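Model, not experiment: these values are computed from the prediction.
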Protein chains: 2
Amino acid sequence: MTEEKANRAPTIIDIAREAGVSKSAVSRALLGQGRISEEARSRILDAAQRLGYVKNAMAQGLVAQRTHTLGVLVRDAVRPFYGQLHAALQGRAIEGGYRVVTATGVRDFALAEERRALQTLLSLRVEGLVVCSGLLPARDITPFVERVPTVVAGRPEPHPAINSVYCDEEDGAEQLVDHLVSLGHRRVAVLLVPEALSFTQYARTAAMVNGLRERGVDTVVTELADGREAPADAVPALLADREITAIMCPQDDAMVSVLERLRRAGVRVPDDMSVTGFDGIGPLTTPLLGLTTLRQPLDEVGRRAIDLLLELREDRSMPTRHIPLRGALVAGTTTAPPPPHPARR
Amino acid sequence: MTEEKANRAPTIIDIAREAGVSKSAVSRALLGQGRISEEARSRILDAAQRLGYVKNAMAQGLVAQRTHTLGVLVRDAVRPFYGQLHAALQGRAIEGGYRVVTATGVRDFALAEERRALQTLLSLRVEGLVVCSGLLPARDITPFVERVPTVVAGRPEPHPAINSVYCDEEDGAEQLVDHLVSLGHRRVAVLLVPEALSFTQYARTAAMVNGLRERGVDTVVTELADGREAPADAVPALLADREITAIMCPQDDAMVSVLERLRRAGVRVPDDMSVTGFDGIGPLTTPLLGLTTLRQPLDEVGRRAIDLLLELREDRSMPTRHIPLRGALVAGTTTAPPPPHPARR
DNA sequence: TTGAAAGCGGTACCAC
DNA sequence: GTGGTACCGCTTTCAA
């Protein structure tokens, strides 16, 4: 009799046979609940060990109507933002006694794939859902919020039926503005992201503009176009305006491309020009770059999102909550007081 | 009659009732196979739509003995390395018609959590498994390779029973060595990672040392200790050796900390000192930093890993394969010919 | 073409 | 304490 190459996974019936008991007994022993003699229990556990038993989550979930699993929908695993958030969610979920399964989109067919990923998670009958995607619109989520507790994490989601936890973009923008103002900048450029491109980035850059104007600072607004090089492409025009002493970018990624362009133009940062970013997470936080930015509290966002989800499980009639969390200003080496004679550069 | 707040998900029986057919008919209509009258089909599909039906993957997988799902075990979602790999795997799996579920460890209880994540995936009865973790040892994987096709991606896994796809570390190290040699460097320091800390990084740094020596270059080997600051801490001693004109780092992360330390020491890169890294992925690839490094072919690693997995599904008796993939040298602005009078610096 | 019924791998209730 | 049995939601024969 030759060994099968691809052997099927053993079931509790296999264990029962091996241990000479009924499958009910096996179930009780494995679950560690219900009455079993100590002797039977150990025979069963032995057999399970010997056979390399791994429980079938499908069968178990089907009958128990519980999966002890939380689902996380992540937009794009490549971005450090989502990676950090994902890890934070994962960590807290484990602490709460839940397992986590994640599904992601792929860059090219973004929206369609995210819908599919959502279906995957729902079809697994996760007991709670965290959506981390600036892309997936509320109307794709709402049909299921009554069915499974759902929290949107990492983006403000104003929809009255959807809970959300996110970085307070307005506050963050103001912190950066205050930083520049206190350094003495009087004419500042903001790279404004159109609402259609990214609501989050629109919100924060719009808040930068408002904050600056409220504080009486001359504000030059440059609306960004789509495309990878877009932020940096705005630089030449800004340099032409000799009174501008600082540039506020919507994101650290964009900021880096702006810094690169400034360097190529021979503009020293921060001596000739101050530059700010937004996010403050991932490899770009290295002191080698020393970005002045606003660090999003992603660890806290993740924690609070899970906590909210678990509360929601307890009390399904809880009113919707929208939880903004404060970020922290990171004063790096890309900002300084404006040069005494900006026109000289 | 008040609406339930948490309504349970509709089943095919609900649809059957709604459409006035049997649940068998619903199943056939939803699967799009088996004979059904066009009229019944559309009534069923309508009802499913109306009820917001989402199939129960557990019930379906249980009876069909197929899940159409691949499992990905990822060590740490925070690192760009794993993020990139994860995304590549995801993309290819979708192309192959599979869904992907991911489970990850958490940083603190790393190994224990990875084992748990592996169990989660296995309990879901994924039809293939990709392990992306330098941490999880082969002996945790081998018990299941007969049961579910498995590929280790992103690290060389020499175990004769485990398939693997990974970046060719030796070749990559030699490409970097050749680059430095062709620039004219004659005395080079290598930051060697101990085997116990990371086998992958050990392999590549050891290959750097060998490559340099084979080419007759003076090689200064500095064995790194554990700890976050370790790579940079080696810098002062290297600077004391005035003949060293280049430093080879085990990773881009480490390289960045070395660059930072050099900058603080007033050493210009690449004028006074050349520096190389390894990985070439993620935000650190920005031209602003211009790292000279070896870019790991992670997209290809991901693709090939999935392809291998699917082949394995076809033919379970396929012999084990270990597939090294060549990386690409990225010549940045952190390397240049050595200064004419290194002792002058 | 359609529906009844068996059964996937578990859990839980039930007599014994 | 133990084993028999119904059933979770679905797919898949098999008759009608």
Side-chain angles (χ1 to χ4, degrees), chain A residues 7-45 47-48 51-69 119-120 122-127 147-148, chain B residues 7-45 47-48 51-69 119-120 122-127 147-148:
Chain A
N7 38 33
R8 50 178 259 310
T11 72
I12 57 168
I13 298 187
D14 297 319
I15 299 179
R17 191 181 312 126
E18 180 90 0
V21 294
S22 73
K23 68 172 189 168
S24 316
V26 176
S27 176
R28 285 188 298 250
L30 258 24
L31 255 40
Q33 59 187 36
R35 312 164 204 309
I36 308 199
S37 68
E38 193 46 57
E39 192 241 326
R41 149 182 272 102
S42 74
R43 276 221 316 286
I44 291 170
L45 263 30
L51 296 176
Y53 174 76
V54 176
K55 73 160 177 248
N56 187 321
M58 298 183 289
Q60 185 178 259
L62 194 57
V63 60
Q65 299 286 43
R66 288 218 50 185
T67 57
H68 299 281
T69 300
Q119 291 287 319
T120 295
L122 291 171
S123 74
L124 255 16
R125 296 296 187 266
V126 295
E127 295 182 18
R147 212 174 281 172
V148 44
Chain B
N7 38 34
R8 48 179 259 311
T11 70
I12 56 170
I13 297 187
D14 298 318
I15 299 180
R17 191 180 313 126
E18 180 90 1
V21 294
S22 74
K23 66 174 189 167
S24 315
V26 175
S27 175
R28 285 188 295 250
L30 258 24
L31 256 40
Q33 60 187 36
R35 312 164 202 309
I36 308 199
S37 68
E38 192 47 56
E39 191 242 328
R41 148 183 272 100
S42 74
R43 276 221 316 286
I44 291 170
L45 263 28
L51 296 177
Y53 174 76
V54 176
K55 73 161 176 243
N56 187 321
M58 297 183 289
Q60 184 177 260
L62 195 56
V63 60
Q65 299 286 40
R66 287 218 50 185
T67 57
H68 299 282
T69 299
Q119 290 287 319
T120 295
L122 290 171
S123 75
L124 255 17
R125 297 295 187 266
V126 295
E127 294 182 19
R147 212 174 282 172
V148 44

Restricting to side-chain hydrogen bond (donor to acceptor under 3.5 Å, both in side chains), what partner residues turn up for B/T69, sequence neighbours left out?
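Per chain and number, B/T69 pairs via side-chain hydrogen bond (donor to acceptor under 3.5 Å, both in side chains) with B/R99.
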Identify all side-chain donor-acceptor contacts of residues 16-24 of chain A below 3.5 Å with residues at least two apart in sequence or on another chain.
unit_1, atom_1, unit_2, atom_2, d
A/R17, NH1, A/D14, OD1, 3.4
A/E18, OE2, A/R50, NE, 3.2
A/E18, OE2, A/R50, NH2, 3.1
A/S22, OG, A/S24, N, 3.4
A/S22, OG, A/A25, N, 3.3

Would you sort out whether A/L124 and A/T67 count as a side chain to side chain contact (heavy atoms under 4.5 Å, CB included), showing the intermediate values?
CA-CA 8 Å; A/L124 255 16; A/T67 57; over 6 Å; no
Protein-nucleotide distance (B/R41, atom CZ; C/dT2, atom C1'), rounded to Å
14 Å
Where is the tightest heavy-atom contact between [X] and [Y], given as atom of each residue plus distance?
X	Y	value
A/I12	A/Y53	CG2-OH, 3.6 Å
A/R147	B/V54	NH1-CG2, 4.0 Å
A/E127	A/H68	OE2-N, 2.7 Å

Tabulate below the donor-acceptor pairs under 3.5 Å that side-chain atoms of residues 27-41 of chain B make, not counting sequence neighbours, or state none.
unit_1, atom_1, unit_2, atom_2, d
B/S37, OG, B/A40, N, 3.1
B/E39, OE2, B/R43, NH1, 2.6

Outermost nucleotides of DNA chain D that come under 4.0 Å of a non-hydrogen atom of chain A
D/dG1 to D/dG9
Show which side-chain atoms of residues 55-62 of chain B pair as donor or acceptor with protein atoms under 3.5 Å away, not counting sequence neighbours.
unit_1, atom_1, unit_2, atom_2, d
B/N56, OD1, B/M58, N, 2.8
B/N56, OD1, B/A59, N, 3.1

Which residues share a side-chain contact (heavy atoms from CB on, under 4.5 Å) with B/V63, sequence neighbours left out:
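Per chain and number, B/V63 pairs via side-chain contact (heavy atoms from CB on, under 4.5 Å) with no residue.
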For a stem of at least 3 consecutive Watson-Crick or G-U pairs with distances under 3.5 Å, i pairing with j, i+1 with j-1 and so on, which stems involve DNA chain D?
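As far as DNA chain D goes, consecutive pairing (with distances under 3.5 Å) yields the stems C:1-16 with D:1-16.
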Walk along nucleotides 3-16 of chain C from 5' to 3' and tag each nucleotide B, S or - by protein heavy-atom contact under 4.0 Å, base first, then sugar-phosphate.
BBB-BBBBBBB---
